[in-house]
Amino acid sequence: MTTAHIIWDWNGTLLNDVNVSLSATNFALAEIGIEPLTLEQYREHYCVPVQTFYKQVIGREPSSSEWSVIGKIFNFHYRPGIQKASLTEGVSQLLASRYETGATQSLCSLMEHHELVPMLDNHGIGKFFTQIDGRNTPLLTTGKSEQLANHLKKLNISPEQSVVIGDATDDAIAALAAGTHAILYTGGTHSRVSLEAAGVPIVDTLSEALLIADSLVHKQQ
């Protein structure tokens, strides 16, 4: 059976940081007088670009001064919090097992590259990826599509043989635009209902995602 090349997402997928994001978001909302969100509400509204997310939550376009406050307060709480976040349960074993079989996997994230690489090394998983691409540009308002396309070019692997595993509809949008497959995980930032709108397989565990990934590539043979 053909083995898929896995392109992992980081935040909300391999890294279990959704509660850190929720907490930082609520601190930012409080600064501009908006009620806190529950995890369910956060997942219901969350989307990329984040400008759209805050517009939905607030009910209007935030002012430029509000954007400044949101960004400052969110990062003040999020950046220290993410350093303490744990990997999603079983991730180290999953990555190691797949690595040991000779299957390839890489990582494409919208987290800044200079912050991403040390985090992977601190968790002891950097060695499992053939390519690691974090963001080296200002946060794009167009989502992940351009970055994923560039990531695939570096891999020198056919898009049809690759599967993106992420927790956001934007991961699926980017994957389909690049001609590759996508599987979405419910343990991150999106609700199952919002993920289902992407029209790709939805899973509750990352081990299930890997099983489906190989079958998606195998079907094309």
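In this chain, residues are counted from 1 in sequence order. Just so we're clear, the structure is a prediction, and the values are computed from it rather than from any experiment.
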Above 12 or not: heavy atoms from other molecules or residues under 6.0 Å from CG of Asn122?
yes
What one should report as the nearest heavy-atom pair of Ile183 and Ala209 is CD1-O, 3.3 Å
The test is side chain to side chain contact (heavy atoms under 4.5 Å, CB included); show your working for Phe129 and Leu95 and say whether it passes.
CA-CA 9 Å; Phe129 305 110; Leu95 295 176; 3.9 Å; yes
Flag, side chain of Gln41 to backbone of Thr38, donor-acceptor distance under 3.5 Å
yes
Between Leu15 and His123, is there a side-chain heavy-atom distance shorter than 4.5 Å?
yes
Would you say the side chains of Thr169 and His190 form a donor-acceptor pair under 3.5 Å?
yes
Worked verdict on Gln83 versus Arg79 for side chain to side chain contact (heavy atoms under 4.5 Å, CB included):
CA-CA 7 Å; Gln83 298 300 326; Arg79 289 183 180 276; over 6 Å; no
Under 4.5 Å between any side-chain heavy atoms of Leu206 and Trp8, yes or no?
yes
Within a 6.0 Å radius of atom CD on Glu112, are there more than 12 heavy atoms belonging to other residues, nucleotides or ligands?
yes
Please determine, by modelled atom types, if His5 and Thr104 share a side-chain donor-acceptor pair under 3.5 angstrom.
yes
Under 3.5 Å, is there a donor-acceptor pair between the side chain of Thr180 and the main chain of Leu176?
no
For Ala172 against Leu184, the heavy-atom pair lying closest together
CB-CD1, 4.0 Å
Interatomic distance, CG@Leu22 vs OH@Tyr46, rounded to 0.5 Å, equals 12.0 Å
Quick one: closest heavy-atom pair of Val20 and Gly81, and the distance?
CG1-C, 3.7 Å
For the student: nearest non-hydrogen atoms of Ile157 and Ser162, plus distance
CG2-OG, 3.6 Å
Verify the cluster assignment for Trp10 and Val203: are they in a single hydrophobic cluster under the rule of side-chain heavy atoms below 4.5 Å apart?
yes
Applying a strict under-4.5 Å side-chain criterion to I, L, V, M, F, W and Y, I'd like to know whether Leu39 and Leu195 cluster together.
no
Begin with the C-alpha distance, continue with both residues' side-chain angles, and end with the deciding distance and a verdict on side chain to side chain contact (heavy atoms under 4.5 Å, CB included) for Ile82 and Asn11.
CA-CA 9 Å; Ile82 199 175; Asn11 301 98; 3.3 Å; yes
Check for me, please, whether Phe53 and Met111 land in the same ILVMFWY cluster - side-chain distances under 4.5 Å, paths through other members count.
yes
Shortest non-hydrogen separation from Ala4 to Val217 and the atoms involved:
CB-CG2, 3.4 Å
Start with the C-alpha gap between Leu107 and Leu116, add the side-chain angles, then the distance that decides, and say whether side chain to side chain contact (heavy atoms under 4.5 Å, CB included) holds.
CA-CA 10 Å; Leu107 193 147; Leu116 174 64; 3.6 Å; yes
Tightest non-hydrogen contact, residues Leu148 and Ala178, listed as CD2-CB, 4.4 Å
When you measure from the side chain of Gln147 to the backbone N and O of Ser109, does any donor-acceptor pair fall under 3.5 Å?
yes
So does Lys153 have more than 12 non-hydrogen atoms from other groups sitting under 6.0 Å from NZ?
no
Would you say the side chain of Glu31 lies within less than 4.5 Å of the side chain of Phe74, judging by non-hydrogen atoms?
no
How long is the gap from CG on Leu87 to CG on Asp17, to the nearest 0.5 Å?
10.5 Å
What distance separates Ile70 CD1 from Gln51 CD, expressed to the nearest 0.5 Å?
10.0 Å
Are Ser106 and Leu155 packed together at the side-chain level, in the sense that at least one heavy-atom pair is separated by less than 4.5 angstrom?
yes
Carboxylate-amine/guanidinium contact Lys144 Asp133, below 4.0 Å
no
Does the side chain of Tyr42 come under 3.5 Å of the side chain of Asn26 through a donor N or O and an acceptor N or O?
no
From CG (Leu210) to CD (Gln105), nearest 0.5 Å:
7.5 Å
Between Asp214 and Arg98, does the salt bridge (Lys or Arg N to Asp or Glu O under 4.0 Å) criterion hold? Intermediate values first, please.
CA-CA 11 Å; Asp214 289 331; Arg98 196 163 181 88; 2.7 Å; yes
What's the spacing between Arg192 CZ and Arg43 CZ if we round to 0.5 Å?
11.0 Å
Do Ile73 and Leu29 belong together in a cluster built from hydrophobic side chains that touch within less than 4.5 Å?
yes
Between CG on residue Asp167 and CG on residue Leu14, distance to nearest 0.5 Å:
10.0 Å
Give the cluster check for Ile132 versus Ile6: same hydrophobic cluster or not, with ILVMFWY residues linked at side-chain heavy-atom distances below 4.5 Å.
yes
Using only atom types and a distance under 3.5 Å, with no angle test, would you say the side chain of Thr88 pairs donor to acceptor with the backbone of Thr13?
yes
Given 3.5 Å as the limit, does a donor-acceptor pair link the side chain of Thr25 with the main chain of Ser21, or not?
yes
